[in-house]
Amino acid sequence: MSSIFQAVGAATSLSSSASFDTKKFQFSSSRSLLGKRASCVVVRCSGAKMDGGLNQIGGRADHLVTNAVATKADTPAASTASKPGHELLLFEALREGLEEEMERDARVCVMGEDVGHYGGSYKVTKGLAPKYGDLRVLDTPIAENSFTGMGIGAAMMGLRPIIEGMNMGFLLLAFNQISNNCGMLHYTSGGQFKIPVVIRGPGGVGRQLGAEHSQRLESYFQSIPGIQMVACSTPYNAKGLMKAAIRSDNPVILFEHVLLYNLKERIPDEEYVLNLEEAEMVRPGEHVTILTYSRMRYHVMQAAKTLVNKGYDPEVIDIRSLKPFDLHTIGNSIKKTHRVLIVEECMRTGGIGASLTAAITENFHDYLDAPIICLSSQDVPTPYAGTLEEWTVVQPPQIVAAVEQLCR
Amino acid sequence: MGLARAIQPLPLPPLADSRPKPTATASSLFLGSTRTLRPSNTFARTHTRTRSISSAQRRSAVAANVSDVKLKPATNLLLTKEEALEVYEDMILGRVFEDMCAQMYYRGKMFGFVHLYNGQEAVSSGFIKLLKKEDSVVSTYRDHVHALSKGVPARAVMSELFGKTTGCCRGQGGSMHMFSSEYNVLGGFAFIGEGIPVATGAAFTSKYKREVLKEADCDHVTLAFFGDGTANNGQFFECLNMAALWKLPIIFVVENNLWAIGMSHLRATSDPEIWKKGPAFGMPGVHVDGMDVLKVREVAQEAIGRARRGEGPTLVECETYRFRGHSLADPDELRDPGDEKARYAARDPITQFKKHLIESKLANEAELKAIEKKIEEVVEEAVEFADASPAPSRSQLLENVFADPRGFGIGPDGRYRCEDPKFTEGTAQV
């Protein structure tokens with residue numbers, strides 16, 4: 001399991017910057033707008049509550065969404081003592097969300113390779129098999145297509161399985177089941193069967209894992225009708241999205257990143273569930289909208305530090321929902337800044353960035369002062385050599401250069 | 001809540017021992033089968049000895065217990081008159097329905113790929129008529145008759161074929177995707193092999209309900225039907241492994257009709273005896289004459305009984321034949337009409353069973369004719385119903401893509417797209 005140790009090495013540098021950055025770029029209260037998800041309690045990293053208990057990410061003035069996955073109501077004594085929450089790593093946050101949902105609903109089960117006795121190759125399911133038994137946390141043989149199909153069949157008959165791909169790339173073997181059955185069965189059955197599965201696993205470019213273990217499957221899956229795709233990037237949204245995905249009646253693919261599992265953050269003690277379809281405002285700004293997700297969020301934030309020093313004010317949005325796109329948050333941002341930079345880890349051709357570029361051009365063309373710039377990984381199989389691998393993905397200096405070009 | 005102990009796989013025999021693994025139970029007789037799992041030598045001796053005694057005993061015991069008119073067995077299968085007529089009616093329904101499909105196709109009422117089941121009725125009726133409503137059936141693209149046998153009304157299936165909104169899948173599935181949540185028909189799959197994992201999942205749910213959710217009386221079994229071509233597919237083997245490993249209540253039914261479109265089974269398979277692949281994974285493999293509904297029923301009874309008792313899966317290979325081409329678009333040039341086709345046509349399962357019923361005095365000509373007439377009326381009514389039904393309107397296009405329509409996302413105006421009235425009309429952009 002050398003990849004885990006490499007990830008630890010890589011992520012520790014990221015974790016410190018992550019917690020620092022999110023502390024730094026909180027909402028100022030003047031920006032906060034009344035609105036959505038009043039029932040969702042959100043506590044940012046520093047622990048301070050905002051706005052008397054009403055929180056949102058990305059202000060939306062008009063519309064109070066009664067979140068179907070509503071959590072506890074706003075705590076009344078919000079103004080005084082702020083709950084400190086508890087600190088944990090991203091993989092622990094995933095596990096916490098998973099465990100809470102398994103506790104809540106006996107039909108929630110996990111299946112995948114080494115999820116049970118081994119505790120998961122990235123320890124997301126550690127401790128669950130001794131607690132819930134070998135049938136609820138099922139160690140499968142190495143047969144991705146078949147156990148994914150098995151999860152789908154189980155979902156049709158009332159269970160709510162979480163199918164883990166040990167590495168997202170392995171799910172290429174399950175493409176038949178994911179495309180034909182997961183995505184399409186609800187439709188071809190005329191709505192008779194629902195497929196409330198969650199397909200999750202680590203993907204993305206790691207630390208010299210080689211081409212096949214460094215794939216970004218979100219670009220391959222995005223055309224499949226009937227599925228939703230979300231990507232988590234912080235312990236906070238990892239837990240929230242995991243819970244939301246499990247509770248959703250739609251099939252959801254949750255993309256985790258190999259290098260982000262050891263990010264540390266303080267998350268609320270209270271139960272919370274995030275919205276699967278919404279994007280996350282990471283840093284409000286005025287000059288340019290930077291859209292990103294997963295690991296690239298941290299490259300963007302690193303670049304943002306440089307940009308701020310150079311006098312730019314970037315607005316950073318973690319799109320989180322890869323399918324469907326949250327065009328409201330994105331649109332509001334574009335209407336404000338008129339410049340868009342997309343930073344993604346997918347390859348240039350046919351990635352999430354390509355789709356997002358098209359969606360923005362279709363919907364917000366009039367608001368753009370400059371052509372959209374999309375920074376993606378090179379169209380190459382990820383090389384093993386560290387130097388080559390570094391040049392495959394987008395690095396912060398490239399992001400800085402792109403913003404400077406956009407704002408010229 | 002969870003299990004206290006881990007599920008252990010069956011212990012392997014010592015390496016020097018090259019005999020096939022014995023099954024978990026000695027009592028699976030599979031009397032109707034033409035070939036059964038050969039257990040180990042010592043096992044076989046006791047087994048065959050007791051077997052010859054017990055079958056005679058069983059026959060006499062059975063004769064003493066039952067009061068209805070029953071079939072004097074050429075096999076040991078007990079069948080009441082009601083059951084016999086039910087099976088006959090089901091087979092006639094399958095045949096008449098499929099013939100009507102062919103007619104309707106050539107008249108331009110249905111399109112695309114339509115795969116007919118003529119000749120294989122014994123397998124569907126033999127197996128499915130033994131199931132409860134809560135048991136599940138998973139099929140392939142040759143699924144009309146499986147759906148009918150399971151109880152889906154003929155008019156719902158015909159409407160689906162016509163692409164009307166009253167079809168069992170609202171016209172959205174078509175010939176190859178017959179689903180019914182009411183009758184637990186889990187499809188209807190266009191790619192071969194992709195239904196087998198789904199069936200395995202349904203069987204897994206049955207076990208999960210019993211062991212995790214503590215629904216103690218949940219003994220639902222799943223039947224997975226597929227063909228000889230599928231038996232060379234990876235998903236088949238992967239699921240045989242998992243089903244045997246976890247002792248799932250599933251029966252894998254191979255409808256070996258010797259042809260995968262134009263590919264002869266013998267040209268595609270290194271060892272054409274598919275039943276042999278069961279023991280390789282630790283489950284019984286049974287071969288049965290799929291043109292004889294009684295033999296199929298007998299094997300099915302044993303296999304379903306095994307599954308219900310928690311003894312695990314069974315692989316059943318039914319030797320059968322399709323009288324028509326692979327689909328209505330198939331010119332069917334490779335199969336020799338003079339030899340193979342003629343031989344199997346002489347073994348038509350319906351003709352055979354009819355002869356049996358009359359000879360054993362279980363039914364007379366008039367009763368059978370009445371059934372045939374009734375079915376013809378049912379099928380004609382189904383066609384009329386389908387003809388009269390409306391085609392789906394535009395607003396149906398985007399329905400059922402998601403169980404939770406919020407999955408279409410949030411539009412630029414901040415509302416969920418599914419809240420947009422133009423969305424339901426089908427005129428909104430997605």
Side-chain angles (χ1 to χ4, degrees), chain A residues 60 62-63 65 68 106-107 109 117 131-137 140-141 143 145-159 176-177 180-181 185-196 225-226 228 248-250 276-278 321 323-329 331 363-364, chain B residues 1-7 136 138 167-174 177 179-181 186-191 194 196-209 211-213 234-235 238-239 241-242 245 399-404 406-417:
Chain A
R60 208 159 302 161
D62 23 309
H63 187 72
V65 168
R107 297 168 303 163
C109 55
H117 293 190
K131 184 172 175 190
Y132 294 109
D134 279 353
L135 211 56
R136 268 192 95 180
V137 187
T140 62
N145 202 15
S146 292
F147 70 70
T148 304
M150 195 174 95
I152 291 165
M156 287 167 77
M157 297 306 286
L159 298 189
N176 180 0
Q177 293 292 337
N180 288 356
N181 290 346
L185 249 168
H186 185 75
Y187 193 77
T188 49
S189 69
Q192 291 182 83
F193 292 100
K194 61 181 188 192
I195 324 278
Q228 283 186 250
S248 171
D249 278 345
N250 297 334
L276 284 176
E277 296 88 24
E278 281 185 5
S321 175
K323 181 185 163 103
F325 295 132
D326 178 3
L327 289 180
H328 184 76
T329 308
N363 287 289
F364 307 114
Chain B
M1 194 91 180
L3 294 177
R5 55 170 182 82
I7 300 170
S136 304
V138 176
C168 54
C169 300
R170 307 180 77 203
Q172 288 168 192
H177 303 282
F179 288 84
S180 168
S181 53
L186 307 188
F189 292 93
F191 287 19
E194 70 178 357
I196 305 177
V198 173
T200 312
F204 176 80
T205 305
S206 177
K207 185 182 171 90
Y208 189 98
K209 281 182 178 163
E211 295 183 16
V212 177
L213 301 179
Q235 286 170 104
E238 290 173 3
C239 289
N241 178 44
M242 293 197 291
L245 182 63
E399 287 172 25
N400 307 135
V401 176
F402 290 103
D404 179 352
R406 284 179 301 168
F408 279 114
I410 299 166
D413 60 357
R415 283 187 304 170
Y416 276 100
R417 286 191 206 273

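Below, chains carry the letters A, B, ... as their sequence lines are ordered, and counting in each starts from 1. Everything numeric here is computed off the predicted structure, so don't read it as measured data.
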Which answer fits Asn176(A), side chain, backbone, both or neither, if we ask what part of it has an atom under 4.5 Å from a heavy atom of chain B?
both
Heavy-atom distance under 4.5 Å to chain B: side chain of Phe147(A), backbone, both or neither?
both
Using side chain to side chain contact (heavy atoms under 4.5 Å, CB included), reason through Met157(A) and Phe204(B) one step at a time and then give a plain yes or no.
CA-CA 10 Å; Met157(A) 297 306 286; Phe204(B) 176 80; over 6 Å; no
Derivation and outcome, side chain to side chain contact (heavy atoms under 4.5 Å, CB included), residues Glu238(B) and Thr140(A)
CA-CA 11 Å; Glu238(B) 290 173 3; Thr140(A) 62; over 6 Å; no
Any idea which heavy atoms bring [X] and [Y] closest together, and the distance?
| X | Y | value |
| --- | --- | --- |
| Ser146(A) | Met242(B) | CB-CE, 3.6 Å |
| His328(A) | Gly411(B) | CB-O, 3.4 Å |
| Ala106(A) | Leu213(B) | CB-CD2, 3.5 Å |

Name the option with the most non-hydrogen atom pairs under 4.5 Å to chain B; the candidates are [options].
| options | answer |
| --- | --- |
| Pro196(A), Pro225(A), Ala155(A), Cys109(A) | Cys109(A) |
| Gly331(A), Ala154(A), Gly158(A) | Ala154(A) |
| Gly191(A), Ser189(A), Ser321(A), Gly151(A) | Ser189(A) |

Quick one, Gln177(A) with Val198(B), criterion side chain to side chain contact (heavy atoms under 4.5 Å, CB included). Give me CA distance, side-chain angles, the key distance, then yes/no.
CA-CA 9 Å; Gln177(A) 293 292 337; Val198(B) 173; 4.2 Å; yes
Tell me, side chain or backbone of Tyr208(B) under 4.5 Å from chain A's heavy atoms, or both, or neither?
both
A side-chain contact here means heavy atoms from C-beta on lying under 4.5 Å apart; do Pro324(A) and Phe408(B) qualify?
no
Test log, rule side chain to side chain contact (heavy atoms under 4.5 Å, CB included), inputs Asn180(A) and Phe189(B):
CA-CA 9 Å; Asn180(A) 288 356; Phe189(B) 292 93; over 6 Å; no
Highest number of heavy-atom pairs under 4.5 Å with chain A among Gly174(B), Ser136(B), Gly407(B), Gly409(B) belongs to Gly407(B)
